[in-house]
Every structure is written in C-alpha cells, then in structure tokens.
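Some notes on the structure that comes next.
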Amino acid sequence: MDNLKPPICSVCHQPLLPAYYFCPNCGHEVKEKPLHLSVWTQIGVYLLSIALPPLGLWPGIKYLAKPGRQAKWVGAIAIALTLISTVASIWLIFAGFKAYLNQINGLNGFGL
Ligand SMILES: [Zn+2]
C-alpha cells in the first residue's frame with residue numbers, strides 16, 4: 001500500500017505530510033488527488049443512469065476506477081441505478097405490450 005511508504009518526495013527527497021498530493025518543494029505529484037464530485041454532478045450521473053440506462057455505465061465505470069471513496073460510491077450507485085433502470089425498462093415494455101394485446105383482444109371481443 002502507498003500509505004506504508006515513508007512520506008518523502010521521490011524526486012527531491014523533501015519530507016512530506018501524508019495529506020500532501022503534490023510536493024511543496026518541486027511540485028511532483030505524490031499521489032492522485034481523490035475526485036471530488038459536486039452534488040449536481042452526482043445528480044446528473046444518477047439521472048443519466050435512470051433516464052438512459054446504457055449510458056449510465058460509462059460514468060459509473062469511470063468513477064469506480066477513480067481514487068477516493070466518494071467517487072467509488074457514485075460509480076457503484078450509478079451502475080446499480082443503470083441495472084435497475086434497464087430491468088424496469090424491459091419490464092415496462094413487456095407490460096405495455098401485454099396491455100396493448102389485451103386491448104386489441106378486448107376490442108375484437110366486444111366491438112367486432
Ligand atoms: Zn519534490
């Protein structure tokens with residue numbers, strides 16, 4: 001794990017604090033900064049997952065691969081919403097088709 005390494009810059013060997021993402025001496029990137037997602041970004045990702053199920057997988061996978069607990073959660077939730085939305089869409093299509101067939105059968109039985 002990266003956390004077990006002594007906090008020293010690999011370029012200039014300047015002592016670092018574990019919280020640093022960049023070396024204050026030379027600017028070398030010490031570790032990847034956790035992705036911070038605004039509330040609106042999260043809502044956008046979730047809405048995309050619900051409204052357009054296959055597209056929600058892209059940000060979902062992208063955020064799962066990012067460092068930071070928040071990004072991973074957003075990614076996992078986006079993928080879960082995508083799966084739920086996909087199942088719901090398929091179910092609605094079948095339910096709608098069945099209702100349509102029932103309506104046709106009803107018209108044939110009573111009208112004609
Ligand atoms: Zn440095």
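Sequential numbering from 1 along the given sequence is applied to the chain's residues. In each ligand, atom 1 is the first atom listed, and ligand 1 is the first ligand listed. Quick caveat, the model's predicted, so the values are computed rather than measured.
Here the side chains of C26 and Q14 are not in contact, with every heavy-atom distance at 4.5 Å or above.
Applying the side-chain hydrogen bond (donor to acceptor under 3.5 Å, both in side chains) test to residues at least two apart or on different chains, the pairs with a partner in residues 38-58 are S38-T41.
Counting only protein N, O or S atoms, 4 lie closer than 2.8 Å to the Zn ion (ligand 1).
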Only distances under 3.5 Å count here; give the side-chain donor-acceptor pairs of residues 59-75 to other protein atoms, sequence neighbours excluded, each with its distance to 0.1 Å.
{"residue": "Q70", "atom": "OE1", "partner": "L37", "partner atom": "N", "Å": "3.0"}
{"residue": "Q70", "atom": "NE2", "partner": "L37", "partner atom": "O", "Å": "3.1"}
{"residue": "K72", "atom": "NZ", "partner": "L64", "partner atom": "O", "Å": "3.0"}
{"residue": "K72", "atom": "NZ", "partner": "K66", "partner atom": "O", "Å": "3.0"}

Got a list of side-chain donor-acceptor pairs under 3.5 Å for residues 85-99, not counting sequence neighbours?
{"residue": "S85", "atom": "OG", "partner": "I50", "partner atom": "O", "Å": "2.6"}
{"residue": "T86", "atom": "OG1", "partner": "T82", "partner atom": "O", "Å": "2.6"}
{"residue": "S89", "atom": "OG", "partner": "S85", "partner atom": "O", "Å": "2.7"}

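In this structure, the separation between OG on S10 and CD on E29 is 10.5 Å, given to the nearest 0.5 Å. Note: I79 CD1 to I84 CD1 = 12.0 Å, rounded to the nearest 0.5 Å.
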